[in-house]
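Heads up, the thing below is written out as structure tokens.
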Amino acid sequence: MSASDLHLWHPFTQEGIDPPALSIRGGKGVFIETRDGRQILDAISSWWVNLHGHSHPAIAEAIAAQAARLEHVLFAGFSHEPAEELAARLGKIVPAPLRHVFFSDDGSTAVEVALKLALQYWTNCGRPKKRRIVALENAYHGDTMGAMSVSDDSPFTAAFDSLRIPVLRTHSASCAHCPVGLTRAACHIECLDKLERLLRAQGDEIAVVIVEPLLQGAGGMIVHPEEFLSGVRRLTAAHDVLLIADEVLTGFGRTGRMFACERAAVVPDLMCVAKGLTGGFLPLAATFATDRVHDAFTGGDRARAFFHGHSYTANPIACAAANASLQIFESEPVFERIAAIEKVHAARLPAFAAHPTVADTRHIGTVAAIELKVPDAGYLSSLRPRLYEFFLKRGVLLRPLGNVVYILPPYVITPEQLNFVYDAIQDSLALVSKTA
Ligand SMILES: Cc1ncc(COP(=O)(O)O)c(C=O)c1O
């Protein structure tokens with residue numbers, strides 16, 4: 001680095017405390033390679049984006065071909081083939097009533113779009129009093145102002161709390177820490193009662209409820225019973241309130257089905273995807289809407305338009321990457337790979353559940369989590385950096401969420417590689433015993 005080089009400021013990283021960034025020169029399959037030639041197994045799909053392995057040639061070729069044909073064109077007043085093909089492909093896999101797609105850039109913007117659509121929907125319908133948003137405890141929906149407002153309070157939001165849009169917070173179905181003090185075996189999803197009370201009391205003012213369907217990611221890889229999600233849908237429909245399903249993490253197979261909503265037979269009014277949309281190659285996001293929502297923005301007064309867009313909306317190269325990734329779902333045995341991952345999770349987790357330093361284990365589809373018993377539970381747990389370093393020394397990239405170690409691998413991981421990851425976690429438990 002010469003004196004004139006700019007210093008790189010990394011996300012979620014505190015200089016002087018966190019270790020310096022590792023420079024990565026390549027990636028192949030589940031591995032990323034450091035500049036000095038070390039192979040690291042990427043067990044978290046590089047922040048949950050990679051589906052089919054790093055540098056998959058079919059996606060790389062589609063990107064190169066599209067870049068040589070048309071790199072970008074504005075999407076207001078213009079369209080292009082990669083976006084049209086992508087709309088057709090997505091139309092075959094998203095729940096049928098979600099017939100409209102609005103593209104943006106990342107998970108946070110997909111959430112911003114969904115929130116703004118939901119709020120303007122009610123204004124356009126002549127019910128401007130419906131302005132309030134309900135979100136779940138433990139939620140994480142992104143780092144922009146709207147997305148951060150609907151996310152639960154955390155170290156991520158603390159510096160901005162006075163500026164966040166006030167939202168109504170309701171229970172999440174976090175069975176390991178049941179918000180109403182029950183056990184799963186004895187409960188009838190009583191954690192939904194608070195939402196029901198809110199909707200009864202303030203339904204006329206509530207515009208929308210937003211959830212991460214079945215799996216709350218950054219809040220600690222919390223797996224919800226399917227009845228919770230179907231209950232949220234039932235209640236929102238009964239009280240004439242819109243439902244946003246934020247599938248930014250769960251979309252494209254992570255929970256064992258193409259979308260988590262499918263598992264609970266739920267169709268939301270608005271649905272957000274990003275992360276895996278391009279197979280992990282380029283930023284691209286989409287917010288889907290039903291006819292009901294979309295049609296409130298058409299015709300009549302000019303003020304009914306959705307005045308929202310980003311310079312790179314529906315970037316053709318990103319759309320080409322997404323088309324290539326969705327093609328891989330057809331040409332490679334992706335759901336067989338997903339099933340094989342689930343099988344290893346189911347086989348390995350019981351031994352962890354029985355371990356004295358483990359508070360809880362959970363899994364859904366390709367995602368598994370092990371919550372560790374520590375005195376300082378939470379995102380800033382002192383155990384976290386020690387675990388992170390331990391795993392890296394073992395050649396495995398795992399970024400625990402505080403005291404929750406989770407595995408969220410690219411689908412091409414083999415059972416042997418996944419067992420290697422589990423063996424590293426098994427050996428890390430000695431560190432927990434020293435902390436407790
Ligand atoms: C459920 C969910 N929504 C939204 C986001 C924000 O996505 P992005 O980081 O692409 O802005 C995330 C990111 O982790 C997420 O997990």
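Numbering of ligands and ligand atoms starts at 1, following listing order. Hydrogens, waters and symmetry mates are skipped; everything else that's a heavy atom, side chains included, is used.
For ligand 1 and D246, the ligand atoms under 4.0 Å from any heavy atom of the residue are 1 (C), 2 (C), 3 (N), 4 (C). Atoms of ligand 1 lying under 4.0 Å from at least one heavy atom of K275, given by number and element, are 12 (C), 13 (C), 14 (O), 16 (O). Heavy-atom contacts of V248 reach the following atoms of ligand 1: 2 (C), 3 (N), 4 (C), 5 (C), 7 (O), 12 (C), 15 (C) (cutoff under 4.0 Å). Shown in contact with G107 at under 4.0 Å from a heavy atom are these atoms of ligand 1, numbered in order with element: 6 (C), 7 (O), 8 (P), 10 (O), 11 (O). Below 4.0 Å from some heavy atom of H141 lie the following atoms of ligand 1, by number and element: 3 (N), 4 (C), 5 (C), 6 (C).
Salt-bridge formation is detected for the pair D240/R292: a Lys NZ or Arg NE/NH1/NH2 atom is positioned less than 4.0 Å from an Asp or Glu carboxylate oxygen. Looking at R89 and E330, a side-chain N of the basic residue comes within less than 4.0 Å of a carboxylate O on the acidic one, giving a salt bridge. With respect to the salt-bridge test (charged N to carboxylate O, under 4.0 angstrom), the residues R254 and E247 do not qualify. Between R169 and E137, none of the side-chain N atoms (NZ, or NE/NH1/NH2) sits under 4.0 Å from a carboxylate O, so this pair counts as no salt bridge. The pair R337-E342 does not meet the salt-bridge criterion, since no charged nitrogen lies less than 4.0 angstrom from a carboxylate oxygen.
Under 4.0 Å from ligand 1, heavy atoms of S108 appear from its side chain as well as its backbone.
Looking only at atom types and distance, the side chain of H56 has a donor-acceptor partner in the side chain of E332 under 3.5 Å away.
Among all non-hydrogen protein atoms, the one lying nearest atom 16 (O) of ligand 1 is W48 CZ3, 3.4 Å.
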